[in-house]
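Report on one structure; see the data block that follows.
Both backbone and side-chain heavy atoms feed into the values below; hydrogens, waters and symmetry mates do not.
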Amino acid sequence: MVERLDMTFHALADPTRRGMLATLAQGDKSIGELAQPYAMTLAGASKHVQVLERAGLVTRRRAGRTHRCTLNPAPLAEANQWLQQWAAFWNTRLDGLEALLRDAPAGDAE
């Protein structure tokens with residue numbers, strides 16, 4: 001799971017790939033459709049899609065000469081689960097700090 005998380009976060013680190021995932025959330029798209037908002041070549045878009053594929057976030061299939069991409073949200077759910085563990089950790093720590101600050105005697109204001 002750690003390697004998959006690494007690959008997921010690597011894929012998500014790039015704003016273009018995050019944008020492509022957002023586009024794919026609306027439905028299957030061709031490589032050309034994914035490239036269009038970024039004014040990039042098909043080869044450039046294909047490289048981004050390859051990173052997304054290695055992370056398991058996208059599947060690609062051929063439809064004639066066109067490559068169609070589909071979002072696979074499962075790795076995002078795994079990343080979210082990992083992040084939620086840390087959110088719980090920090091919420092507990094910050095709640096403890098808040099209690100300490102609330103219970104601390106007020107300083108002398110002169």
Side chain to side chain contact (heavy atoms under 4.5 Å, CB included) evaluation trace for T8 with E78: CA-CA 9 Å; T8 299; E78 291 174 6; 5.8 Å; no

Any residue meeting side-chain contact (heavy atoms from CB on, under 4.5 Å) with R62, in chain and number order, not counting sequence neighbours: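 For R62, the residues satisfying side-chain contact (heavy atoms from CB on, under 4.5 Å) (neighbours in sequence not counted) are H67.
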
Counterpart residues, side-chain contact (heavy atoms from CB on, under 4.5 Å), relative to L76 (two or more places apart):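 side-chain contact (heavy atoms from CB on, under 4.5 Å) check on L76 returns L12, L57.
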
Salt bridge (charged side-chain N to carboxylate O under 4.0 Å, His left out) partners of R54, counting only residues at least two apart: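 If we apply the salt bridge (charged side-chain N to carboxylate O under 4.0 Å, His left out) test to R54, skipping adjacent residues, there are no hits.
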
Residues that R18 engages under salt bridge (charged side-chain N to carboxylate O under 4.0 Å, His left out), provided they are two or more places apart: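 So R18 forms no salt bridge (charged side-chain N to carboxylate O under 4.0 Å, His left out) with any residue.
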
Residue pair P75 / G56: nearest heavy atoms and the distance that separates them: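 Reported closest heavy-atom pair: CG-O, 3.5 Å.
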
Non-hydrogen atoms of A63 and R68 that approach each other most closely: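 Looks like CB-CG, 4.1 Å.
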
Got a second to check how far [X]'s [atom1] is from [Y]'s [atom2], nearest 0.5 Å?
{"X": "S30", "Y": "Q36", "atom1": "OG", "atom2": "CD", "result": "9.5 Å"}
{"X": "T16", "Y": "K47", "atom1": "OG1", "atom2": "NZ", "result": "14.0 Å"}
{"X": "L21", "Y": "D14", "atom1": "CG", "atom2": "CG", "result": "10.0 Å"}
{"X": "K29", "Y": "C69", "atom1": "NZ", "atom2": "SG", "result": "11.0 Å"}

For the hydrophobic clusters of this structure (ILVMFWY residues joined by side-chain heavy atoms under 4.5 Å, transitively), does one cluster hold both [X] and [Y]?
{"X": "V51", "Y": "F9", "answer": "no"}
{"X": "W90", "Y": "L97", "answer": "no"}
{"X": "L71", "Y": "V49", "answer": "yes"}
{"X": "L24", "Y": "I31", "answer": "yes"}

Residues forming a ring pair (Phe, Tyr, Trp, His ring centres under 6.0 Å) with Y38, sequence neighbours excluded: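 With neighbours one apart ignored, the set is empty.
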
Check against side chain to side chain contact (heavy atoms under 4.5 Å, CB included), L52 and R60: CA-CA 10 Å; L52 294 169; R60 185 188 333 201; over 6 Å; no

Residues that H48 engages under side chain to side chain donor-acceptor pair (under 3.5 Å), provided they are two or more places apart: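 Checked H48 against side chain to side chain donor-acceptor pair (under 3.5 Å); matches are R17.
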
Donor-acceptor pair, side chain of T23 and main chain of G19, under 3.5 angstrom: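 Yes, the answer is positive, given that a donor and an acceptor are paired below the 3.5 Å cut-off.
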
